[in-house]
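Fair warning: this is a prediction, and the values are worked out from it, not measured in the lab. Both ligands and their constituent atoms are indexed starting at 1 by order of listing. Quick note: residue numbers are just sequence positions, from 1.
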Amino acid sequence: MSDYPIAEIRSRFPGLQRQVNGNQAIFFDGPGGSQSPESVGDAVKHYLLHQNANVGMSFATSKETDALIEETMRACADLIGCEDYREIIFGQNMTSLTIQLASALSRTWYPGDEVVVTRSDHDANVRPWVLAAQWAGATVKWIDIHSPHCIHDNDTIDAAINENTVLVAIGAASNFSGTINEVEMICRLAHAHGAEVFVDAVHYAPHGLIDVREWGCDYLACSSYKFFGTHQGILWGKFDRLTELPVTKLRVSSEEVPFRWMTGTQGHESMAGTLAAIEHLEWLGRLISEENISARREALRVAFSAIEEYERELCWRMIEGLKKIDGVKIWGITSAEEFELRAPTVSFTHHSITAAEIGEALAEHGIFAWAGNFYALELSETLGLEPGGALRVGLLHYNTMEEVERFLRELSSILAG
Ligand SMILES: Cc1ncc(COP(=O)(O)O)c(C=O)c1O
């Protein structure tokens with residue numbers, strides 16, 4: 001994609017200039033956490049130095065904090081495609097918010113109800129639901145995957161979802177294999193049986209435009225630090241459900257949505273960073289677009305369509321390169337026909353060198369990539385990769401083709417001993 005403004009994008013991320021042992025660092029650790037643009041750091045600093053306050057009073061910093069919370073909720077609503085910004089809840093991270101939602105939902109479930117989880121998800125989208133089912137006396141059903149492609153097995157989707165199902169928890173994209181799941185299809189099927197759907201969009205969020213209305217889900221969570229922002233979780237749910245669910249809250253805290261879900265004092269500076277991260281993506285959309293876009297959602301649409309195209313080229317080269325290295329096995333989609341069903345996150349193993357050893361050797365060369373199961377424990381076990389897991393390279397919108405080529409060269413020489 002020749003007109004993708006990679007130089008302008010990279011110039012906004014000072015962290016990318018880091019040197020390690022005389023080499024320019026390569027950040028392929030995005031699925032664990034992305035780098036942030038300077039604007040995110042500036043926003044956090046500005047909030048802390050000039051606006052730091054608690055909410056709800058009439059003095060300037062408190063009013064500005066209230067305004068910041070609302071503005072960040074509005075930006076998140078544009079990011080995920082919901083109409084009402086009051087459906088956005090902030091919390092510590094996706095895991096904590098999911099546990100909070102699961103415990104509220106569990107109080108509405110009974111023995112005989114069934115909760116569906118997958119073998120492909122991060123444990124934050126498995127264990128909270130397994131525990132919630134246990135608390136309610138409900139049963140857990142599993143959606144399996146086909147190995148090594150890491151695509152859901154449709155037979156197990158059909159077998160798992162039925163009229164007893166109360167909730168299906170799925171990931172939009174796997175943080176291990178990169179597989180993009182058929183969220184819309186699962187939402188239709190679940191709704192046909194009267195069940196709700198929770199989507200973990202943590203891994204998907206930096207790669208594609210989330211659209212809760214088009215997908216048709218009932219709840220969705222993501223994390224700002226994966227899309228260039230700060231350490232903050234974001235939960236979305238339908239207004240009526242957020243109003244009626246029996247969430248654990250203090251007597252003194254608000255009865256209003258979304259604040260009845262937001263326990264204690266929030267990370268206001270993290271909200272400033274989340275807002276700036278969404279504005280970064282909006283900036284990209286406006287830069288690329290040939291038209292004068294007024295709505296933020298439209299700018300985000302343009303940004304993500306360019307990001308998708310760009311990342312796909314990098315990912316394709318990564319996979320082609322890995323396929324040519326002796327002893328490497330890729331866990332996930334590798335065929336051109338299915339390429340739209342994957343995010344640019346590639347996990348692989350080698351027949352004789354462990355993922356941890358490869359990760360350590362890469363680190364020496366200034367290449368940051370994770371080894372392990374990335375908390376997608378069920379998937380790693382299903383693939384027979386425990387203990388040890390795989391080596392994961394995650395590409396983001398600021399990575400380059402030169403980095404992919406250098407990675408492939410360094411990896412080849414590491415594996416050749
Ligand atoms: C797919 C996926 N889901 C959930 C999580 C957990 O997110 P958080 O760290 O915000 O709790 C992660 C974190 O790596 C993830 O990759």
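- Short contacts between ligand 1 and S223, defined as distances under 4.0 Å to a heavy atom of the residue, involve ligand atoms 8 (P), 10 (O).
- Ligand 1 has no atom lying under 4.0 Å from any heavy atom of N125.
- Given atom 1 (C) of ligand 1, the protein heavy atom at minimum distance is D200 OD2, 3.5 Å.
- Between M94 and ligand 1, an N or O atom pair is found at a separation short of 3.5 Å.
- Side-chain polar atoms of H231 and S224 form no donor-acceptor pair below 3.5 angstrom.
- Side-chain rings of F227 and H203 stay apart, their centers remaining 6.0 Å or farther from each other.
- Counting only N and O atoms by type, the side chains of S120 and H152 include a donor and acceptor under 3.5 Å apart.
- For the pair Y225 and ligand 1, the shortest N or O to N or O distance falls below 3.5 Å.
- What sits closest to atom 15 (C) of ligand 1 on the protein, heavy atoms only, is H122 CD2, 3.2 Å.
- For ligand 1, the polar-atom distance check finds an N/O of K226 within less than 3.5 Å of one of the ligand's N/O atoms.
- For the pair R392 and W331, the cation does not sit on the ring face, since its NZ or CZ is not both under 6.0 Å from the ring centre and inside 45° of the axis.
- Aromatic ring centroids of H280 and Y398 lie 6.0 Å or more apart.
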Would you list the atom pairs, donor with acceptor, under 3.5 Å between side chains in residues 186-200 and any protein atom, with sequence neighbours excluded?
{"residue": "H191", "atom": "ND1", "partner": "C187", "partner atom": "O", "Å": "3.4"}
{"residue": "H191", "atom": "NE2", "partner": "D218", "partner atom": "OD2", "Å": "2.7"}
{"residue": "H193", "atom": "ND1", "partner": "L189", "partner atom": "O", "Å": "3.0"}
{"residue": "E196", "atom": "OE1", "partner": "Y219", "partner atom": "OH", "Å": "2.9"}
{"residue": "E196", "atom": "OE1", "partner": "R241", "partner atom": "NH2", "Å": "3.1"}
{"residue": "E196", "atom": "OE2", "partner": "Y219", "partner atom": "OH", "Å": "3.1"}
{"residue": "E196", "atom": "OE2", "partner": "R241", "partner atom": "NE", "Å": "2.8"}
{"residue": "D200", "atom": "OD1", "partner": "V202", "partner atom": "N", "Å": "2.9"}

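- Looking only at heavy atoms of the protein, atom 11 (O) of ligand 1 is closest to T95 OG1, 2.5 Å.
- Under a 4.0 Å criterion applied to the non-hydrogen atoms of N175, ligand 1 contributes the atoms 1 (C), 16 (O).
- Both the sub-6.0 Å distance and the 45° axial angle are satisfied by R74 relative to the ring of Y85.
- Atoms of ligand 1 lying under 4.0 Å from any heavy atom of N93, numbered from 1 in the order shown and given with element: 8 (P), 10 (O), 11 (O).
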